[in-house]
Q: 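Before anything else, here's the structure in question.
So that the names make sense, note that chain A is the first sequence line, chain B the second, and so on, each numbered from 1.
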2 protein chains.
Amino acid sequence: MSGHVLYLGFSVRRDQRRTAIVRSAAIFSLTCWRWGRRKMHHVSPFMRRVAQLLPSSGRSSPILDSVGFRSTCLEKGSEILGAGTSVRHVLTIGHGLAMRYRLLPDGSRQVIMFLTAGDICNPHIYPTVIDHGIAAVTPVRIDRFDCESLIGLSNSVVGLNQALWTLAEEQNAIMRNHITSLGRGDARARVIMLLKELSLRLSAAAGQVGPVFIPVTQSLLADAIGVTHIHFNRIIGDMGRRGVIATSRGGILVNSISMLEKLGEDLIVAA
Amino acid sequence: MSGHVLYLGFSVRRDQRRTAIVRSAAIFSLTCWRWGRRKMHHVSPFMRRVAQLLPSSGRSSPILDSVGFRSTCLEKGSEILGAGTSVRHVLTIGHGLAMRYRLLPDGSRQVIMFLTAGDICNPHIYPTVIDHGIAAVTPVRIDRFDCESLIGLSNSVVGLNQALWTLAEEQNAIMRNHITSLGRGDARARVIMLLKELSLRLSAAAGQVGPVFIPVTQSLLADAIGVTHIHFNRIIGDMGRRGVIATSRGGILVNSISMLEKLGEDLIVAA
DNA sequence: CGGTATGTTGAGTACGCTCAACACGAGTGG
DNA sequence: CCACTCGTGTTGAGCGTACTCAACATACCG
């Protein structure tokens, strides 16, 4: 499965051995990994979310569904968009979990935000260069649209442009939350906020209730909130003992979001 | 000047006395503070920046300049947009310095980002509600446009929509830098990054070279990078002794941006 | 001239980092 | 099949940065 693999970055763990975290993936040449039983032309989660924001709310717009896109499946760890890459396509998450991140000169990594199904990878639908990388956290399906098609559509379909702005604003809100979490709040508060945000987004995407599994390694989560994976582990170890979450290899299971929220409120009261 | 003043928030200083930081301002009723010698209908910095991003680059577009807007001047500390406010106008910074911020339940404050002349306060040109406050850091002139006018214009003027997206992406890039700065890097690195970013933006706006004065109190700057104003003071005290900056009441003078950058690089090497 | 907003300095404390090891599962190749 | 490696999770001990509390100094404003 992994023939010629390019090592682009290294994780923060200085366990004397450095570990590759991002593999370059020939995104345009990979054949599509099996995807359920659906053939082609399933509806992209991105378009579904856009349609919900249109004035003719609720019902899916046949015009939007007719827009062509190509799905590509990537294994965990592959690079979706590299920093400095100029893009001529609009990449959206079809399935799975990805992240925006930056690699620093000292070798450490900052996860800027996580992207779930329906999120757009580009900053907008126009061709640009981005200043950060995007990589697959889990196996990911990318739904790739054509810039020109979307631009044309945004000029003709009423409300589409506004819908796109609203979607972008959702990501901005997440970033603002992230800044607030990093700036104020100690490590425990950051962990709680991150887990809460992720579990809410994941459960909303899946349309489920009850326990949510977050398929992200502790190292990655720690890199998002700016603590060491060691300290992160200690914190969630404590939370696990209280039954709020359960740890397992490769992810964290959030038993109850409401308990998580209660824990966060208790933190504020204690302070 | 301050008759009935509404206290909306408190600074972080727990000097036993809490200090009001944000005063509500009747933005729509204030008469315009004197603004140089220009009468009315100067060109808004916002429109100037938009025009530079248009395909017909360089020259100012007469169509854009003809768009009507109203300027309002606010004193330092006044609230420009409150959290949860629904906006029917597009507010842009005409002159001065503002900030996006959040107040937390424990009374502390996180400055999300600073806004300089030409920056847009709204997330986009469509009516929305915002999840954070915007307040004037220095005396500020607000150039207020009509949502409808801009929306109409973005449909007719080619490239305008893309220009707006590009502008928004600039702010996003700043936020990503902020996240990276907060997540990685110790207090000193954060101070250097913040000062560098602000001085670069301010000097670019003024079109000057040489020393840049950042008219922001240490408490505010500290609230931006998530350190106490005490620790912030110690750090810039050290930097002042090295001649990189000079402190004065109500602001910081950055003597040389290149020295600042050098200091930042030395930090990385040392680590 | 007080009152308020800022800036500055000192001392003690604690949270989170560093270094160091070990445990364990999954994948790989002999 | 087992040995081996790599990624990941987990735990312990010591240390340093940044916080807290407390004071004082200075500038601005009515």
Q: What is the distance, rounded to the nearest whole Å, between atom CZ of B:R188 and atom P of C:dC17?
A: 17 Å
Q: Tell me the interatomic distance from B:M239, atom CE, to C:dT8, atom C1', rounded to whole angstroms.
A: 17 Å
Q: Between C:dG16 atom P and A:D223 atom CG, what is the distance in whole Å?
A: 16 Å
Q: Just how large is the angle between the end axes of the helix from C:dC1-D:dG30 to C:dG30-D:dC1, five pairs per end, to 10 degrees?
A: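 It works out to 40° between the end axes.
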Q: Look at all strands and tell whether A:D186 reaches a base, only sugar-phosphate, or nothing, counting heavy atoms closer than 4.0 Å.
A: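 Result for A:D186 = sugar-phosphate.
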Q: My understanding is that only residues two or more places apart in sequence, or in another chain, count here; which of them pass side-chain hydrogen bond (donor to acceptor under 3.5 Å, both in side chains) with A:R188?
A: none
Q: Rounding to an integer number of Å, can you tell me how far B:H229 NE2 sits from C:dT9 C1'?
A: 11 Å
Q: Check whether any side-chain N or O of B:T138 sits under 3.5 Å from a backbone N or O of B:L97 as a donor-acceptor pair, and report yes or no.
A: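 Answer holds: yes.
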Q: Is it the case that the base of C:dA5 and the side chain of B:R249 share a donor-acceptor contact (distance under 3.5 Å, atom types as modelled)?
A: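 It does, because a donor-acceptor pair links the side chain of B:R249 to the base of C:dA5 below 3.5 Å.
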Q: Could you tell me the separation between the CD1 atom of A:I230 and the C1' atom of D:dC15, rounded to a whole number of Å?
A: 14 Å
Q: From C-beta outward on A:T217, which listed nucleotide comes closest to its side chain: C:dT8, D:dG9, D:dC19?
A: D:dG9
Q: Looking only at side-chain atoms of B:N233, point me to the closest of C:dC17, C:dT8, D:dT10.
A: C:dT8
Q: Return the value, rounded to whole Å, for the distance between atom CD of A:Q218 and atom P of C:dA23.
A: 18 Å
Q: Do B:L198 and B:L221 come close enough that some side-chain heavy atom pair is under 4.5 Å?
A: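 SC-SC contact between B:L198 and B:L221 confirmed.
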Q: Counting only side-chain heavy atoms from C-beta out, which of C:dG16, C:dT9, D:dC19 sits nearest to A:A187?
A: C:dG16
Q: Counting the atoms with a prime plus P, OP1 and OP2 as sugar-phosphate, which does B:G240 contact under 4.0 Å by heavy atoms, base, sugar-phosphate, or nothing?
A: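 Contact class for B:G240: none.
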Q: Only one of A:H178, A:R100, A:M99 forms a side-chain contact (heavy atoms from CB on, under 4.5 Å) with A:F114, so which one is it?
A: A:M99
Q: CZ of A:F232 versus P of D:dT8: gap in Å, rounded?
A: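 Distance check: A:F232 CZ to D:dT8 P gives 14 Å.
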Q: Can you find a pair of side-chain heavy atoms, one from A:L253 and one from A:S248, that are under 4.5 Å apart?
A: no
Q: side-chain hydrogen bond (donor to acceptor under 3.5 Å, both in side chains) with A:D238: which residues, sequence neighbours excluded?
A: A:R242
Q: Out of D:dG7, D:dA18, C:dC17, which has the shortest distance to the side chain of B:H231?
A: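 My answer, after comparing the listed nucleotides, is D:dA18.
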Q: By nearest atom, which of the nucleotides D:dT8, C:dC17, C:dT9 is closest to the B:R234 side chain?
A: C:dT9
Q: For A:T228 and C:dG16, is the shortest distance between a side-chain N/O and OP1 or OP2 below 4.0 Å?
A: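 For A:T228, the contact criterion (side-chain N or O under 4.0 Å from OP1 or OP2 of C:dG16) is not met.
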Q: Please report, rounded to the nearest Å, how far the C1' atom of C:dG16 is from the CD1 atom of A:I235.
A: 8 Å
Q: Could you check whether A:G237 gets within reach of a base, just the sugar-phosphate, or nothing at all, counting any heavy atom under 4.0 Å?
A: nothing
